[in-house]
Amino acid sequence: MSGAVDRQAVHNTTRADQQRVTAQADENAHRIVVVGGGAAGLELVTRLGHRLGRSAAITLVESARSHLWKPLLHAVAAGSIDPGEYEVNYLAQAHWHRFRYRFGKMVGLDRTRREVRLAANVDEEGHQITPERSVGYDTLVIAIGSVTNDFGTPGVAEHAVPLETPVEAERFNRDLVNAFLSAQTQEGPVRAGQLHVAIVGAGATGTELAAALHRTTRELVAYGLDRIDPQRDIRIVLLDAAERVLPGLPERISRETLRLLGQMGVEVRTGAKVAQVTGEGIRLSDGSFIASELVVWAAGVKAPEVLRQLDGLETNRINQLVVKPTLQTTRDPAIFAIGDCAACPRQGTPGTVPPRAQAAHQEATHMARQIELRLRGKPLLPYAYRDFGSLVSVGEWNTVGDLVGGVTGRSIFIEGFFAGLMYRSLRAMHDQALNGTAHAAFAVMARTLARRTGPQVKLH
Ligand SMILES: Cc1cc2nc3c(=O)[nH]c(=O)nc-3n(C[C@H](O)[C@H](O)[C@H](O)COP(=O)(O)OP(=O)(O)OC[C@H]3O[C@@H](n4cnc5c(N)ncnc54)[C@H](O)[C@@H]3O)c2cc1C
């Protein structure tokens, strides 16, 4: 007994000593602060923790407690995955990968004092969790992603659900399941629009959501909601102001996707400009009305408002921080921006790097190298975006897209099994960057087994 207590005391002392030594080392260490732990920021701090965690003080500032890779949000909304299986807890990730996690939302910046200002956090009952505070930096990387752009359309904020966070995606799924449970038990017949879902924005997010919803709503009914007739009562409408679905991708992908959506019975309305969203549905600018009690807004992105007035840093019309090819902001070489919130010039084009997961992944890798060069006093290198193509999952078994060849730069149309594998590889790369190859492979196996034994759709 006393041996065990002694061992515990020695263990505690060693840990306390280690923490003291780390704290002393930290006082003189270069302070790297990354704000935003999403697709780009979390990969960056994890990588930096491994490479520099013993010599530099690496801090992640993040307003959420856990991370879910954003391209999974449509699957959360449709109920085809359980977010808990995919979430990464920031505190644990920080502990395992030698960086610190500071829970808080960036609300301002003081470039003269080199401090990021964080808002206080309060819980649901209004009790303060963390106070307002500041975090000092020597090198700052801003990676706070993007939010949905409603272009000022009336009624969107009140009646449409954006798919920006796991909380919103889960809220939509809860509303969907509730609408089905209510239709099953209500006295009268199913109302017009009650089990209709209108998705505004036929980009990759909206299209994938429409296809996933087609499957999960039918599976939901198959679990015993016998008063609902899927053919008669469920309607999924995908709308876009552009003349074709997936307007940003090559035409052949649009055509094939449209064919697959049509086969499923998803209704596509292109050239449809939304004038207003109400509690009953969507009014289009031509005066027509689409009855739909559930509306998802997935049409366009902008960077968060906080960037607009961030101590004089240059921004563009959608609030993105303007950066040089080195990823440094134009007005402060100690501040970098990566991911969706950065407007980074795209080599050989007049435009900027697109807000996509593969860009976030590439920029995180490049940024880690830049920081090492900066700490060694070496010149920084320009980042060049490489487009490997785009893949869109249209239902469980269909993926379509194009792959861009490395040497020729030509795009090749792909679909089917191989396209599905490539689609999953982007997430696998993110998992691998966060947890290493072995962990990522085991996680895939565990989820596959869990899916074989549990329901294919989230039922609550
Ligand atoms: C539903 C959906 C589906 C998508 N599907 C695809 C796809 O199939 N393929 C593809 O390439 N791309 C896809 N994207 C785009 C892709 O997810 C983004 O390009 C990518 O996540 C950008 O990474 P990021 O790190 O810049 O931002 P994010 O991943 O959004 O991370 C930003 C982080 O910053 C935190 N944060 C925000 N504000 C603050 C603040 N003020 N203070 C502190 N922390 C803050 C957030 O909590 C978040 O953790 C999809 C996006 C969505 C929404």
Side-chain angles (χ1 to χ4, degrees), residues 34-36 38-44 69-71 106 109 140-151 162 164 201-206 240-242 246-250 253 298-371 380-392 401-402 404 406 409 411 426 429-430:
V34 178
V35 185
L42 190 55
E43 285 193 18
L44 174 63
W69 195 54
K70 248 181 160 182
M106 175 177 76
L109 177 68
L140 175 64
V141 183
I142 300 178
I144 61 173
S146 57
V147 293
T148 307
N149 194 348
D150 67 11
F151 307 103
E164 275 162 26
T205 303
D240 204 294
L246 302 171
L249 301 187
I253 302 176
V301 293
K302 61 180 180 179
E305 275 307 305
V306 64
L307 299 181
R308 196 197 282 267
Q309 303 281 341
L310 206 58
D311 203 3
L313 293 179
E314 188 188 359
T315 51
N316 65 8
R317 93 197 134 74
I318 57 162
N319 305 337
Q320 285 175 310
L321 290 170
V322 181
V323 297
K324 301 182 200 171
T326 54
L327 302 174
Q328 283 165 304
T329 51
T330 47
R331 294 182 188 152
D332 194 327
I335 302 180
F336 298 74
I338 57 173
D340 285 7
C341 73
C344 177
R346 184 171 175 181
Q347 257 188 356
T349 74
T352 55
V353 175
R356 295 175 57 188
Q358 58 173 304
H361 174 74
Q362 290 173 23
E363 287 176 2
T365 309
H366 190 82
M367 191 66 235
R369 254 183 257 131
Q370 298 289 68
I371 289 183
L380 302 186
L381 299 170
Y383 161 68
Y385 172 62
R386 269 198 70 189
D387 187 354
F388 289 98
S390 304
L391 292 159
V392 182
D402 65 336
V404 179
S411 121
L426 189 59
M429 271 158 61
H430 182 63

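The figures that follow rest on heavy atoms only: side chains count, while hydrogens, waters and symmetry mates do not.
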In Å and rounded to the nearest 0.5 Å, what is the [atom1] to [atom2] distance from [X] to [Y]?
X	Y	atom1	atom2	answer
L313	T329	CG	OG1	5.0 Å
I371	L44	CD1	CG	5.0 Å
K70	T205	NZ	OG1	9.0 Å

List the residues meeting side-chain contact (heavy atoms from CB on, under 4.5 Å) with [X], not counting sequence neighbours, and say none if there are none.
X	result
A303	L307, N319, Q320, C341
V322	E314, N316, T330
P71	W69, A357
T326	K324, Q328, Q370, L380

Is the shortest side-chain heavy-atom distance between [X] and [Y] below 4.5 Å?
X	Y	result
V147	V301	no
E43	H361	yes
L140	L109	yes
Q358	Y385	yes
D387	R346	yes
L391	L426	no
P250	D402	yes

Can you see which heavy atom on A364 is nearest to which on A40, and at what distance?
CB-O, 3.4 Å

Selection residues 141-150 - residue pairs positive for side-chain hydrogen bond (donor to acceptor under 3.5 Å, both in side chains), sequence neighbours left out
S146-D340, T148-E164

With sequence neighbours excluded, residues passing ring pair (Phe, Tyr, Trp, His ring centres under 6.0 Å) with H366
Y383

With a cut-off of 6.0 Å (strictly less than), are more than 12 heavy atoms of other residues, nucleotides or ligands near CZ of R331?
yes

